[in-house]
There are 2 protein chains.
Amino acid sequence: MSDADLLFKALADPGRRKLMDRLHAHDGQTLSELCQHLDMTRQGVTQHLALLEAANLVAVRWRGREKLHFLNPVPLQEIYDRWIRKFERPRLKALRDLKRRLEEDGED
Amino acid sequence: MSDADLLFKALADPGRRKLMDRLHAHDGQTLSELCQHLDMTRQGVTQHLALLEAANLVAVRWRGREKLHFLNPVPLQEIYDRWIRKFERPRLKALRDLKRRLEEDGED
DNA sequence: TTGACATGCAAGTAGTTACTTGCATATAAT
DNA sequence: ATTATATGCAAGTAACTACTTGCATGTCAA
């Protein structure tokens with residue numbers, strides 16, 4: 001499975017995005033900490049985190065019996081480079097263009 | 001289903017991302033055109049396009065019996081604003097920070 | 001060393017997703 | 001008018017996903 005697949009798949013789930021948000025609010029939390037305030041079993045959270053790790057969005061460090069989770073923002077930059085910047089045009093111009101083409105009654 | 005859900009879900013599939021790429025290469029293609037060079041039945045493509053439309057990433061215009069498809073880059077910009085810029089730090093600093101925290105043997 | 005805590009591993013299940021096939025409808029061309 | 005083209009609609013299926021439960025393992029603390 002390609003990097004991009006893993007990345008987009010990881011981001012596709014709202015629960016996983018919420019985990020990212022929680023880590024963004026407070027980086028380095030343990031699994032148990034992340035489970036609190038989250039309406040899901042620990043095992044559910046574990047599995048979501050595994051996908052985030054597979055996508056390289058989260059890195060872990062062990063401290064004794066605790067697993068600390070850290071956000072890695074780099075892959076998000078890659079999404080930006082490959083998927084956003086590429087499609088980027090001055091926002092207003094893009095909308096104008098789109099609107100014009102949608103409203104054309106003739107052909108291109 | 002929230003806008004973000006629709007967006008990320010739409011982008012989660014490689015086939016749909018490929019469709020986006022094809023539209024980026026040549027905007028305004030018909031369904032049949034998009035089907036060519038794509039290893040899938042027309043109906044498969046139709047269903048993918050429906051999700052892209054639901055996410056507002058693709059807009060359509062009818063010309064007679066043909067359905068023309070146009071890329072709308074605006075939602076991608078929203079992903080950037082809410083999901084990338086938010087997590088953005090100077091790239092090198094981010095990596096340095098992450099590495100340091102992962103390698104710490106003490107606690108935070 | 002015993003008990004509590006943090007996590008891992010494995011199997012099962014309900015719901016979802018991607019994809020196909022077959023038929024129907026509308027527009028265009030001859 | 002008839003035929004070909006472009007697309008829509010509906011139902012079926014195989015694979016996948018999110019989630020749970022139960023038990024196992026490793027670490028810390030009294």
Side-chain angles (χ1 to χ4, degrees), chain A residues 1-2 4-23 26 28-55 57-70 102 105-108, chain B residues 1-2 4-23 26 28-55 57-70 102 105-108:
Chain A
M1 208 177 198
S2 82
D5 282 353
L6 291 174
L7 255 174
F8 281 109
K9 193 176 143 196
L11 290 172
D13 186 88
R16 287 194 286 274
R17 293 200 301 277
K18 189 167 184 179
L19 279 169
M20 299 267 296
D21 268 338
R22 296 195 67 75
L23 283 180
H26 177 202
Q29 294 182 73
T30 67
L31 174 58
S32 306
E33 282 168 343
L34 286 170
C35 285
Q36 293 167 351
H37 321 291
L38 205 40
D39 193 21
M40 199 185 310
T41 62
R42 173 174 56 84
Q43 215 47 331
V45 176
T46 296
Q47 286 165 28
H48 282 306
L49 286 170
L51 292 201
L52 291 174
E53 291 174 45
L57 283 164
V58 164
V60 301
R61 166 162 65 92
W62 281 89
R63 181 176 62 189
R65 61 185 164 180
E66 290 175 316
K67 193 184 189 187
L68 307 181
H69 299 78
F70 298 92
L102 289 177
D105 46 354
E107 59 295 308
D108 306 58
Chain B
M1 205 176 201
S2 82
D5 281 353
L6 291 174
L7 255 174
F8 280 108
K9 192 176 144 196
L11 290 171
D13 186 89
R16 286 193 287 272
R17 293 200 302 277
K18 189 167 184 179
L19 280 169
M20 298 267 297
D21 269 337
R22 296 194 66 77
L23 282 180
H26 178 203
Q29 295 182 74
T30 67
L31 175 57
S32 306
E33 282 167 344
L34 286 171
C35 285
Q36 293 168 350
H37 321 292
L38 206 38
D39 193 21
M40 197 186 310
T41 61
R42 172 175 56 86
Q43 215 47 331
V45 176
T46 296
Q47 286 165 28
H48 281 306
L49 285 169
L51 293 200
L52 291 174
E53 290 174 47
L57 283 164
V58 164
V60 301
R61 167 162 64 92
W62 282 89
R63 182 177 60 190
R65 60 184 166 181
E66 291 175 316
K67 193 185 189 188
L68 306 181
H69 298 79
F70 298 92
L102 289 177
D105 44 356
E107 58 294 310
D108 308 54

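Each chain gets a letter, A, B and so on, in the order its sequence line appears, and its residues count up from 1.
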Send over the distance from [X] [atom1] to [N] [atom2], rounded to a whole Å.
| X | N | atom1 | atom2 | value |
| --- | --- | --- | --- | --- |
| F8(B) | dT16(C) | CZ | C1' | 20 Å |
| L52(A) | dA18(D) | CG | P | 11 Å |
| L34(B) | dA6(D) | CG | C1' | 13 Å |
| D39(B) | dC19(C) | CG | P | 10 Å |
| R61(B) | dA6(D) | CZ | C1' | 16 Å |
| M1(B) | dT17(C) | CE | P | 6 Å |
| L51(B) | dT16(C) | CG | P | 14 Å |
| H69(B) | dT7(D) | NE2 | P | 7 Å |

* Of Q47(B) and T30(B), whose nearest nucleotide on DNA chain D comes first from the 5' end? -> T30(B)
* Map G64(A) and D13(A) onto DNA chain D by nearest heavy atom, then report which one ends up closer to the 5' terminus. => D13(A)
What pair of heavy atoms forms the shortest contact from [X] to [Y], and how long is it?
| X | Y | answer |
| --- | --- | --- |
| D5(A) | P14(B) | OD1-CG, 3.5 Å |
| M40(B) | V45(B) | SD-N, 3.7 Å |
| R16(B) | L52(B) | O-CD1, 3.9 Å |

* Student check: side-chain heavy atoms of L23(A) and L34(A) closer than 4.5 Å -> yes
Looking at [X], I'd like to know whether one of its side-chain N or O atoms comes within less than 4.0 Å of OP1 or OP2 on [N].
| X | N | answer |
| --- | --- | --- |
| H48(B) | dC19(C) | yes |
| T41(B) | dC19(C) | no |
| K9(B) | dT17(C) | yes |
| R42(B) | dT21(C) | no |

Side chain of [X] (C-beta onward), nearest among [options]:
| X | options | value |
| --- | --- | --- |
| L31(A) | dG8(D), dG26(D), dT7(C) | dT7(C) |
| K67(A) | dT7(C), dT20(C), dC19(D) | dT7(C) |
| W62(A) | dT27(D), dT7(D), dG8(C) | dG8(C) |

* To do: Spell out yes or no: do the side chain of R65(B) and the base of dT7(D) have one donor N/O and one acceptor N/O closer than 3.5 Å?
  => no
* Report, as yes or no, whether the 6.0 Å neighbourhood of atom NZ on K67(A) holds more than 12 heavy atoms from other residues, nucleotides or ligands. => yes
